[in-house]
Amino acid sequence: MSYLSREQVDMFKSDFYFVADYFWQIHNNKDYNPPAELVIHINEVMDLLKAFTKNINFENLKITNSKDGGSHMFDEWMINRDNKHAISLLKEGDSIEKVARCMELPIEHVKKLAEQLEKQKVKAKL
């Protein structure tokens with residue numbers, strides 16, 4: 001799938017488009033930016049990606065469909081990815097304010113991440 005052309009990926013009209021798009025982007029861009037379209041069968045798409053990639057991020061997602069019958073692709077995954085990046089910056093010693101500004105996250109959210117990080121450090125010392 002990653003070797004399909006962009007035009008071939010865009011020909012998919014079913015939810016499989018999101019699977020093909022994911023692999024195309026990872027192969028060509030080395031990163032993934034999810035599309036804004038709704039996925040109708042989100043859990044099935046996540047199961048496919050989990051099976052193909054063995055990526056624990058897909059395994060840990062709890063996704064519910066919206067009232068219009070779909071789900072925005074990878075909203076939670078993107079949040080998890082942003083959280084992991086913010087936590088890594090905090091571990092490197094960046095301030096809460098700097099992380100919030102650089103990641104364009106609410107400062108209260110980054111404070112909660114910093115608190116979780118501190119709790120993990122305390123547990124690790126025990």
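Basis for what follows: all heavy atoms, side chains included, without hydrogens, waters or symmetry-related copies.
Cluster annotation: Phe52 and Val9 are assigned to the same hydrophobic cluster (Ile/Leu/Val/Met/Phe/Trp/Tyr, side-chain heavy-atom contacts under 4.5 Å, transitive).
Put simply, the side chain of Trp24 gets close to the backbone of Leu4: a donor and an acceptor are under 3.5 Å apart.
Around the NZ atom of Lys121, the shell of radius 6.0 Å holds more than 12 heavy atoms that belong to other residues, nucleotides or ligands. Residue Lys30 qualifies as enclosed at atom NZ: its count of foreign heavy atoms under 6.0 Å is above 12.
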Fill in: Stepwise side chain to side chain contact (heavy atoms under 4.5 Å, CB included) test for Tyr22 and Val45
CA-CA 11 Å; Tyr22 172 82; Val45 169; over 6 Å; no
Worksheet item: Do Val110 and Leu90 pass the side chain to side chain contact (heavy atoms under 4.5 Å, CB included) test, and can you show the C-alpha distance, the side-chain angles, and the key distance before you say yes or no?
Response: CA-CA 9 Å; Val110 178; Leu90 291 168; 4.3 Å; yes
Item to complete: Start with the C-alpha gap between Phe16 and Leu48, add the side-chain angles, then the distance that decides, and say whether side chain to side chain contact (heavy atoms under 4.5 Å, CB included) holds.
Response: CA-CA 9 Å; Phe16 194 76; Leu48 272 174; 4.3 Å; yes
Item to complete: Check the pair Asp31 / Ile26 against side chain to side chain contact (heavy atoms under 4.5 Å, CB included), numbers first and verdict last.
Response: CA-CA 5 Å; Asp31 195 17; Ile26 293 297; 5.6 Å; no
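Met46 CE to Phe18 CZ: the interatomic distance, rounded to the nearest 0.5 Å, is 9.5 Å. To the nearest 0.5 Å, the span separating CG on Leu117 from CD1 on Ile96 amounts to 10.0 Å. Atom NZ of residue Lys119 and atom CD of residue Gln116 lie 7.5 Å apart, to the nearest 0.5 angstrom. Note: Leu113 CG to Glu115 CD = 9.5 Å, rounded to the nearest 0.5 Å.
Every residue two or more places apart in sequence or in another chain that forms a salt bridge (Lys or Arg N to Asp or Glu O under 4.0 Å) with Glu108 is listed here: Lys111. Residues satisfying the salt bridge (Lys or Arg N to Asp or Glu O under 4.0 Å) criterion with Glu44, sequence neighbours excluded, are absent altogether. Annotation: side chain to side chain donor-acceptor pair (under 3.5 Å) contacts of Gln8 (sequence neighbours excluded): Ser5. Every side chain to side chain contact (heavy atoms under 4.5 Å, CB included) that Ser2 has, sequence neighbours left out, goes to Phe23, His27.
For residues 3-17, every residue pair satisfying the salt bridge (Lys or Arg N to Asp or Glu O under 4.0 Å) rule, not counting sequence neighbours, is listed here: Arg6-Asp10, Arg6-Asp21. Legend: salt bridge (Lys or Arg N to Asp or Glu O under 4.0 Å) pairs involving residues 92-103, not counting sequence neighbours, sorted by first then second residue: Asp94-Lys98.
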